[in-house]
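Working notes, beginning with the structure itself.
These numbers were taken from a predicted model, which means no experiment stands behind them. The figures here come from the full heavy-atom set of this structure, side chains too, leaving out hydrogens, waters and symmetry mates.
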Amino acid sequence: MAATFETGAATHTGKVRSLNEDRFLARPQAGLWAVADGMGGHEGGEIASAALMTALETIGAPASAPDLLARLEDRVLRANRQLREMSRARGGVLGTTLAALLVFDRDQACVWSGDSRIYRVRDGSIAQLTRDHSEAQEMVDLGLLTADEARVWPRRNVITRAIGVSDEPELEIHQGRVAPGDIFVLCSDGLTAHVADEEILAHVAGAPPQVACDDLIALTLERGASDNVTVVAVRCMPGPRAGG
């Protein structure tokens, strides 16, 4: 049977930045949720993330899982083209991360570029389904940094992929199946800079999605919120398809 969804979402500018360059999208009726983080240090990060979310908003109800993935890829290509044209006109770089969750019936796909993340909570455990496209992650993969060292490495915010920075966007895709009760968490790096995976698990496993998102934002603010922070939580349950 098709899944039904309970969704929560929250975003905050944080305590250091003056502008929120994060954007999120929640479209349960299309089986689509997404987070975008405009690239800090580049001109118009909020323009880039908003342009990408605006493109994704045009995705309607899909006919199949491959159809949903194809629609997402098409909209990302359109947004990338638009951002490249805007960059040339402005003489700067407009870029944004993307972390998108797609669900059709029991099929699930994570599509991402950059260091915004998607986690899955299942049977009391949390797993990171995405892998950061960042210099820090590359250093960890090479054995030059531990995961703990990477969290405080001076270049931890330097990403190696993003939408809008090259003529062809580089997307990575992870596909799987949804189990009843799965909870997916999408977030910008403003959350994971301050909150550990096990803390994310503790908040989302024991509360409704909206409460969990609000509490995770509050925890990030308590710890200094050095960046914009965005959290989207999606609880999947079996049942007739619905847009709740």
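Taking CZ of R23 as the start and CE of M53 as the end, the distance is 10.0 Å to the nearest 0.5 Å. The CG atom of L83 lies 10.5 Å from the CZ atom of R88; values are rounded to the nearest 0.5 Å. For the atom pair CG (D182) and CZ (R177), the distance works out to 11.5 Å, reported to the nearest 0.5 Å. Atom CD of E168 sits about 8.5 Å away from atom CZ of R81, to the nearest 0.5 Å. The line from CD of E138 to CG of L144 is 10.5 Å long, rounded to the nearest 0.5 Å. Summarising the geometry, atom CD belonging to E172 is positioned 10.5 Å from atom CG belonging to D132; distances are rounded to the nearest 0.5 Å.
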message: Could you go through L69 and Q175, starting from their C-alpha distance and side-chain angles, then the distance that decides it, and tell me whether this counts as side-chain contact (heavy atoms from CB on, under 4.5 Å)?
response: CA-CA 10 Å; L69 179 58; Q175 294 177 295; 4.0 Å; yes
message: Before you tell me yes or no, could you show the steps for T160 and E135 under side-chain contact (heavy atoms from CB on, under 4.5 Å), namely the whole-Å CA-CA distance, both residues' side-chain angles and the distance that decides it to 0.1 Å?
response: CA-CA 6 Å; T160 56; E135 286 192 3; 4.2 Å; yes
- request: Report the C-alpha separation of T96 and M39 in whole Å, then their side-chain angles, then the decisive distance to 0.1 Å, and conclude whether the side-chain contact (heavy atoms from CB on, under 4.5 Å) test is met.
  value: CA-CA 5 Å; T96 178; M39 291 171 59; 5.5 Å; no
query: Could you walk me through whether R75 and L56 pass the side-chain contact (heavy atoms from CB on, under 4.5 Å) check?
result: CA-CA 6 Å; R75 300 316 192 274; L56 297 186; 3.8 Å; yes
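With hydrogens and angles disregarded, a donor-acceptor distance shorter than 3.5 Å links the side chain of S113 to the backbone of E170. Listed for the D214 side chain is no donor-acceptor partner under 3.5 Å among the backbone atoms of V211. Using modelled atom types, no side-chain atom of R117 and backbone atom of L186 make a donor-acceptor pair closer than 3.5 Å. Here the side chain of K15 pairs no donor or acceptor atom with the backbone of S226 at under 3.5 angstrom. In this structure a side-chain-to-backbone donor-acceptor pair under 3.5 Å is missing from N228 to G190. Of the possible polar contacts, none joining the H194 side chain to the E222 backbone as a donor-acceptor pair under 3.5 Å is found. N80 places a side-chain N or O within donor-acceptor distance of the main-chain N or O of G164, the cut-off being under 3.5 Å. When atom types are taken as modelled, the side chain of S134 and the backbone of Q137 share a donor-acceptor pair closer than 3.5 angstrom. For the pair H133 (side chain) and R161 (backbone), a donor-acceptor distance under 3.5 Å is absent.
Counting heavy-atom neighbours within 6.0 Å of D123 CG, excluding the residue itself, gives a total of 12 or less.
The one candidate from L32, L72, D67 that meets the side-chain contact (heavy atoms from CB on, under 4.5 Å) condition with P62 is D67. Tested against L52, the residues T97, L25, L98 include a single side-chain contact (heavy atoms from CB on, under 4.5 Å) partner, L98. Tested against N20, the residues D227, T230, T11 include a single side chain to side chain donor-acceptor pair (under 3.5 Å) partner, T11. Across D37, T192, L216, a single residue satisfies side-chain contact (heavy atoms from CB on, under 4.5 Å) together with C187, and that is T192.
If you chain together hydrophobic residues whose side chains sit under 4.5 Å apart, Y119 and V231 fall into the same group. Neither L77 nor L68 shares a network with the other; the hydrophobic side chains, linked directly or stepwise wherever heavy atoms of I, L, V, M, F, W or Y lie under 4.5 Å apart, form separate groups for each. V178 and I126 are members of different hydrophobic clusters when ILVMFWY side chains are connected at heavy-atom separations under 4.5 Å. When the side chains of ILVMFWY residues are joined at heavy-atom separations under 4.5 Å, either directly or via intervening members, V232 and V103 end up in a single hydrophobic cluster. Residue L201 is grouped with residue V229 when hydrophobic side chains (ILVMFWY) are merged at heavy-atom distances under 4.5 angstrom, including chains of intermediate members.
By the 4.5 Å heavy-atom criterion applied to side chains, I200 and L191 are counted as neighbours. Within the 4.5 Å cutoff, no side-chain heavy atoms of H12 are placed close to those of T220. The shortest side-chain heavy-atom distance between L102 and Q108 does not fall under the 4.5 Å cut-off. Two residues are said to be in side-chain contact when any heavy atoms from C-beta on lie closer than 4.5 Å; E198 and S125 fail this criterion.
For an aromatic pair to be called close, the ring centres must be under 6.0 Å apart, and F5 with W33 satisfies this.
When every heavy atom of S116 is checked against every heavy atom of V35, the shortest pair comes out as OG-CG1, 4.3 Å. Nearest heavy-atom pair, F184 versus I118, reported as atom, atom and distance to 0.1 Å: CD2-CG2, 4.5 Å. The two residues A61 and Q29 have their closest heavy-atom pair at CB-O, 4.1 Å. Heavy atoms only, all atoms of each residue included: S87 and G92 are closest at CB-O, 3.0 Å. For the residue pair P208 and E6, the shortest heavy atom distance occurs at CB-OE2, 3.8 Å. Across all their heavy atoms, A233 and C213 have their closest contact at N-SG, 3.5 Å.
Taking the charged nitrogens against the carboxylate oxygens, E199 and R223 do have a contact shorter than 4.0 Å, which makes a salt bridge. For the pair R84 and D167, the salt-bridge criterion is met [side-chain N within less than 4.0 Å of a carboxylate O].
Side-chain polar atoms of H174 and T130 form no donor-acceptor pair below 3.5 angstrom. Remark: the S188 side chain and the D22 side chain contain an N/O donor-acceptor pair separated by less than 3.5 Å.
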